[in-house]
Every structure is written in C-alpha cells, then in structure tokens.
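I have placed the structure first, in the form of structure tokens, so that the comments after it can refer back to it.
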Amino acid sequence: MELNGSQILMECLLEQGVDTVFGYPGGSVLNIYDELYKYREKIHHILTAHEQGAAHAADGYARATGKVGVCLATSGPGATNLVTGIATAYMDSVPMVAITGNVGRPLLGKDSFQEVDITGVTMPITKHNYIVKDICKLADTIREAFYIAQSGRPGPVLIDIPKDITAITCEYMPSMPKKVFRQVCSIRQKDLDEAVKLIRDSNKPMIYCGGGIIRSSAHKELLEFAERIQAPVATSLMGIGGFPETHRLSTGLIGMHGSKASNMATTECDVLIAVGARFSDRVTSSVNTFASNAKIIHIDVDPAEISKNVKCYTSIIGDAKEILTNLNEMIVQQDHTEWLENVRGWKEEFRFDYQRDDKLRPEFVIEDIYEQTNGEAIITTEVGQHQMWAAQFYKYTMPRTYISSGGLGTMGYGTGASIGAQMGMPTKQVVHIAGDGSFRMNCNELATISYYNIPVIIVVLNNSVLGMVRQWQTMFYEGRYSETTLDRGPDFVKLAEAYYMKGYDVFTQEEFQQAFKEALESKKPVVINCHVGEDEKVLPMVAPGAPINDLILE
C-alpha cells in the first residue's frame, strides 16, 4: 500500500494494539490529526488541557494497564511541555511512546518558528529517541520504539517526525508486532546457586520489593517465594501492591517514611533479597548503615543498577518473574519462626497510626476511602504528605493499584495520571488523592475530566500549605516557613463547578463519609475539598542521612 507518513503512523499504532492516545494538536502535527479524525472509530484521542497532562495521562494509562502509553504533541513548546512527563516515566521505568511533530526537514537547524531539538533535549530522559528523516524508515522506527519501550527495563521512547514526513508517501507493508520476550539469557545458574545457598544458610532473611515486581508481573511468584523462605517483605513506594499488605509477612513501606518493622528488619537481617529495586536514597538514607549486617542479593533486569548505590554481595541479572520462578523450584521450605516473631513484635510495637479524635484528619480520610472502596480502587496521587499517607493507610493487595511519581517526585502528576488510569481501566474506580499545592499545578485538567465525563473522584487534602516542605521547615529549619503558606485561592468547589463538576467542602469526618459515599454512587467526576490541619505530620520519619532504624516517631 502507498501511504503517507500520517497514515503509516495510524496503521503502526493499530499494529501495536494502541486504542487511546493523549495529546494536543498544533501546526507541525496537523497532518497527523487529520488522519486521527479519519481513524477516530479505531483510535480514541483524548484532548488534554496541556501537553504535560497528556504525558502524565499516558504514564498513568501504562501503569494501570501494563500496556504502552502514547502521547502526542506538536513541535517547539508542545514538545517541551512533554519533558516533565517523559522524565517522570523514565525515573519510574514506565513504558511510554511520545510522538512529537517538528518543522519540515528543510527548516531543521535554522531556528525556525516553533523548532526545538527535542531529541537532544530528551536524550538523558528516554531509553531511546529518534528523529525520522526518511519516510521509508518511519514504520520500522515506530515498531522499534514500541519494542524498546517494553523490553528489558521499560521506559519512555520519543519519536520526532518532521512535518513533511507526515505528508509524503512510500510503500507500507503491514507487520505483526515483534514479541517482547522476558530477559532470561542473562540468568546464570551459578548466580542462582549462590543465592539459594545464602538463603538456605540464613537465619534472618528479608525481602525488599521494588517496582520491578510490578513491571514484571511477578507478584504471584514473589508471594510464593516469601512463603517458601518465610521472610518478611518490605516494599518501596514503587513496589506498593507487589506484595499484599494484608499478608502476615508484609511489613509495609520501607525507608524515610517506612514502618518500624520494615526498617528494623532490614537493619537486623542477615540476608537481604532486593527484587526489582534500585536502592533509592529515600529508602537507604545512610548507605553506610543500610542493611549493614546483611549479605545483599540483588535481583534486577538492569545490570547498571547492581552495586550502583549500595554494594551487593551477589546478584542475578534478568527478569524478576523468571528468576523467582527458578528460585521457587530450587528452594526447599524454610522455617524462621523466631525471626518472624521478632518482626511481629516490631509490627505490634509501632503501627501506622494517628491521633484518633473528632477532627478531620488526613489519615482518617485515607482509611475511610479504603473502607468505602473495599480496598479495590486504583489510587493515584500527587507528591507530598498526602502521597505518603496514601501509601501508609490504604492497604494495597494487588499490583497497579497505587500510581504515583516516585523517582522524580513530580507535583502536578496525579490529575493527568488519574485520567489515563481511568481510561485504561474503565471498570475500576479511580480515586485521586491530592494536596492543594500539587493540585493547583495541573488542575486545568478538570476540563478534560469534565468534558469526557471521566468518573474520577478527586480528594484534595487541603491544609493551605506546602505540607511536606513545611514539615521539614518545622523539624530542621526552626519553623521558618519561607514561602510555604498557600493563603490564596482558588476555591476548589467553585473551580469544580466552573468545570460543570460536583464539588464538596468538608470539615468533619461525617461530612467526608457522606460526600465520598455520594461520589461513589454518582459514577461521575467529583472534587471533595477536605479542610485539614496545617501542622499534620507524616510519621514515622528518618532524618536525611540518618540510619533507617533511627526513626522519628512523634
């Protein structure tokens, strides 16, 4: 078939199983949007309010579904507006393909109107990127981009297409997508044998579960592995949902705002098995004291992560699901009753808790959301205190149900992500938990949520401050609250109403329970503005650089 570049793009998207694209049109992608109009019965385009919202929506779609998220923007500012979203996806290993238009090839490199070297800009924050200057290479480039985004350690890929490439024609040959195989060739038997010996000889094993468990869909294998070796399991922020938090072996979140059980067990264990985790500074704090009594077994698909932040004793490179399957076949049932009793003591000694009184407290809000959704919602968050409360007080039992910006810590991420998650999982209830500071950044996406009637429930924990920064100012800067008091608008209920959405102002526990109940029943987009105290703290907390067993508990 003789097709132009825009038609080839549409056909290749269909080849890859793409059903939804998030984007914003502009001059350099007019030909592409003209074809999107003709393909509208096959590819659903969501017009966001801003290109950054499109990138975050594609990210949220990918995290919720496990498929590749796709976003589209024009050249220049359209392309650069995707950068924060691309960087967010890169830091958290999210499979995403960003498609940008550019000026025509004769205008490249001449500072033409709305020209930006977007491949140069995004080189450090993509797995790979392309500028397509030969129409005959367009189809294969698109196919390769989708393969790279999904293979090995997932991540974002950018394809930049000059405008004239979208108009000229060449021969197009349909092709089935290249199958993405699990990375198994790098799994060495001697590495497996060494890990098995260490685990067999261990008296106090501990498992540290990262986001790789979710990316690899290895949650069932991890559960079997933990039960087989009888080890407690802690999760990083990105690993939440990779191990059921209602399970007796779960110790919950690890690190700066982790549970005492997770942090103490990691400090006291003799073998630490890290699976799909990168030893972020928010987990380790002081690398010199982190798991200092343990021999560390690092399981990861990316060899660049091995001993990058924390030196490991041994490693196994490859897909987490395949490695855990192999280990489960090799390891005999273990018994660590005394060790698990010690861990249970730490769990009993300190649980995530808060002052239980008549005030509307953010922790109560999260707990009530858990109760009213039966723990079955997909939770998206912004970044800050509310993000940590959502991690601590909602009990996640399944992967892809906690969607948050971890590595980059992107304020303004969650509203777009909630759109993508809800579009990708239409039968699930998506609840977006936001802080008032973060929500202001991209609340323009209420226009998108309202127009498409996307039934996201947005719960704003409104303390009228930048809560996490204020908490640090209280603890480490003698209460000098420099530029963290948000004594300004908007009125979030009136804002919701301006976008033709229902809004609630709630000040009490009873008001929240009723508003959230009505929101669930309505099956419509809703904003619930929860007025909470400005001095609420996320606890426990580890001071920067302190050992993770040195917890601030009050």
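Values reported hereafter were calculated over all heavy atoms of this structure, with side chains retained and with hydrogens, waters and symmetry mates removed.
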* Would you confirm whether S404, through its side chain, and G406, through its main-chain N or O, come within 3.5 Å as a donor-acceptor pair? => no
>> Could you tell me if the side chain of I379 sits less than 4.5 Å from the side chain of Y396, heavy atoms only?
In response: yes
Stepwise side-chain contact (heavy atoms from CB on, under 4.5 Å) check, E367 with Y354 | CA-CA 11 Å; E367 285 188 335; Y354 59 98; 2.8 Å; yes
- prompt: Does the side-chain hydrogen bond (donor to acceptor under 3.5 Å, both in side chains) test come out yes or no for S286 and N288, once each step is laid out?
  reply: CA-CA 5 Å; S286 168; N288 295 325; 4.8 Å; no
Here the gap from L72 atom CG to E51 atom CD, rounded to the nearest 0.5 Å, amounts to 9.5 Å
Any chance CD of E338 has more than 12 other-residue heavy atoms, nucleotides or ligands included, within less than 6.0 Å?
no
With T122 as partner, the option from D160, L158, L82 fulfilling side chain to side chain contact (heavy atoms under 4.5 Å, CB included) is L158
Interatomic distance, NE2@H336 vs CG@D270, rounded to 0.5 Å, equals 7.5 Å
Does atom CZ of R228 have more than 12 heavy-atom neighbours, drawn from other residues, nucleotides or ligands, at distances under 6.0 Å?
yes
For this session: Any chance you could lay out the side-chain hydrogen bond (donor to acceptor under 3.5 Å, both in side chains) test for E445 and T415, step after step, and finish with the verdict?
Result: CA-CA 7 Å; E445 293 304 336; T415 310; over 6 Å; no
The reported gap from OG in S259 to CZ in R351 (rounded to nearest 0.5 angstrom) is 10.5 Å
(Q) Treating S438 as the side-chain partner and V383 as the backbone partner, does any N or O pair qualify as donor plus acceptor under 3.5 Å? (A) yes
What verdict does the side-chain contact (heavy atoms from CB on, under 4.5 Å) test give for M541 and W472, after you've listed the backbone C-alpha separation in whole Å, the side-chain angles of each residue and the deciding distance to 0.1 Å? CA-CA 10 Å; M541 181 177 181; W472 280 53; 3.3 Å; yes
Check whether any side-chain heavy atom of S262 sits under 4.5 Å from a side-chain heavy atom of Y208, and report yes or no.
no
Residues V365 and V459: closest non-hydrogen pair is CG1-CG1, 3.8 Å
### Task
Step by step, work out the side-chain contact (heavy atoms from CB on, under 4.5 Å) result for Y413 and I403.
CA-CA 10 Å; Y413 164 82; I403 295 174; 3.3 Å; yes
Worksheet entry | Test item: N293 side-chain N/O and T267 main-chain N/O as donor-acceptor pair under 3.5 Å | yes
For I214 and M238 the tightest heavy-atom approach is CD1-O, 3.3 Å
Between the CD1 atom in I43 and the CG atom in L14, the distance rounded to the nearest 0.5 Å is 4.0 Å
**Prompt:** Salt bridge check: are E245 and K395 linked by an N-O gap of less than 4.0 Å?
**Reply:** no
Could you tell me whether K197 and E194 have a side-chain N and a carboxylate O separated by less than 4.0 Å? no
Nearest heavy-atom approach of V460 to G435 is CG1-C, 4.1 Å
Looking at side-chain heavy atoms only, is the closest gap between M388 and Q471 below 4.5 Å?
-> no
Any chance NZ of K42 has more than 12 other-residue heavy atoms, nucleotides or ligands included, within less than 6.0 Å? no
- Task: Report yes if the side chains of I548 and T284 come closer than 4.5 Å at any heavy-atom pair, otherwise no.
- Result: no
Do W346 and N549 make a side-chain contact, defined as non-hydrogen atoms from C-beta onward lying under 4.5 Å apart?
no
(Q) Less than 4.5 Å apart, side chain to side chain, heavy atoms only: is that true for D193 and M330? (A) yes
- Between the main-chain N or O of A261 and the side-chain N or O of E349, is there a donor-acceptor pair closer than 3.5 Å? no
Worksheet item: Does NZ or CZ of K295 lie under 6.0 Å from the centre of the six-membered ring of Y313, at an angle within 45° of the ring axis?
Response: yes
Minimum side-chain heavy-atom gap Q392-Q387 below 4.5 Å
no
Between I378 and K428 the two heavy atoms that sit nearest each other are CD1-CB, 3.9 Å
### Message
Looking at M425, is its backbone amide N or carbonyl O close enough to the side chain of Q422 to form a donor-acceptor pair, meaning the two atoms are under 3.5 Å apart?
### Response
yes
(message) side-chain contact (heavy atoms from CB on, under 4.5 Å) for H247 and V233? Distances and angles first, verdict last.
(response) CA-CA 9 Å; H247 194 282; V233 182; over 6 Å; no
Hey, does the side chain of R215 reach the backbone of D92 with a donor-acceptor pair shorter than 3.5 angstrom? yes
Donor-acceptor pair, distance only, cut-off 3.5 Å: does the side chain of S216 make one with the backbone of D319? no
Margin query: Are the side chains of W339 and P232 in contact, using a 4.5 Å heavy-atom criterion?
Written below: yes
(message) Whether the side chain of H298 engages the backbone of A277 through a donor-acceptor N/O pair (distance < 3.5 Å, no angle test) should be reported.
(response) yes
(request) Determine, step by step, whether T380 and S418 satisfy the side-chain hydrogen bond (donor to acceptor under 3.5 Å, both in side chains) criterion, reporting the C-alpha distance in whole Å, the side-chain angles of both residues, the deciding distance to 0.1 Å, and the verdict. (result) CA-CA 6 Å; T380 63; S418 72; 4.5 Å; no
In this structure, CE of M256 is separated from CD1 of I552 (nearest 0.5 Å) by 9.0 Å
Would you say the side-chain atoms of Q230 pair up with the backbone N or O of Q334, donor to acceptor, closer than 3.5 Å? no
Heavy atoms of G318 and I187 approach each other most closely as CA-CG1, 4.0 Å
Rounded to the nearest 0.5 angstrom, the CG-NZ distance for N328 and K220 is 13.5 Å
Under-4.0 Å salt bridge between R143 and D140
yes
Q | Centroid separation Y402 to Y394 less than 6.0 Å | A | no
Heavy-atom closest pair (Y147 atom, K179 atom, distance to 0.1 Å) is CE1-O, 3.6 Å
Residue set satisfying ring pair (Phe, Tyr, Trp, His ring centres under 6.0 Å) with F352, at least two apart, ordered chain then number -> none
Discussion item. Tell me if a side-chain donor or acceptor on K347 pairs with a main-chain N or O of R248 at a distance below 3.5 Å.
Written reply: yes
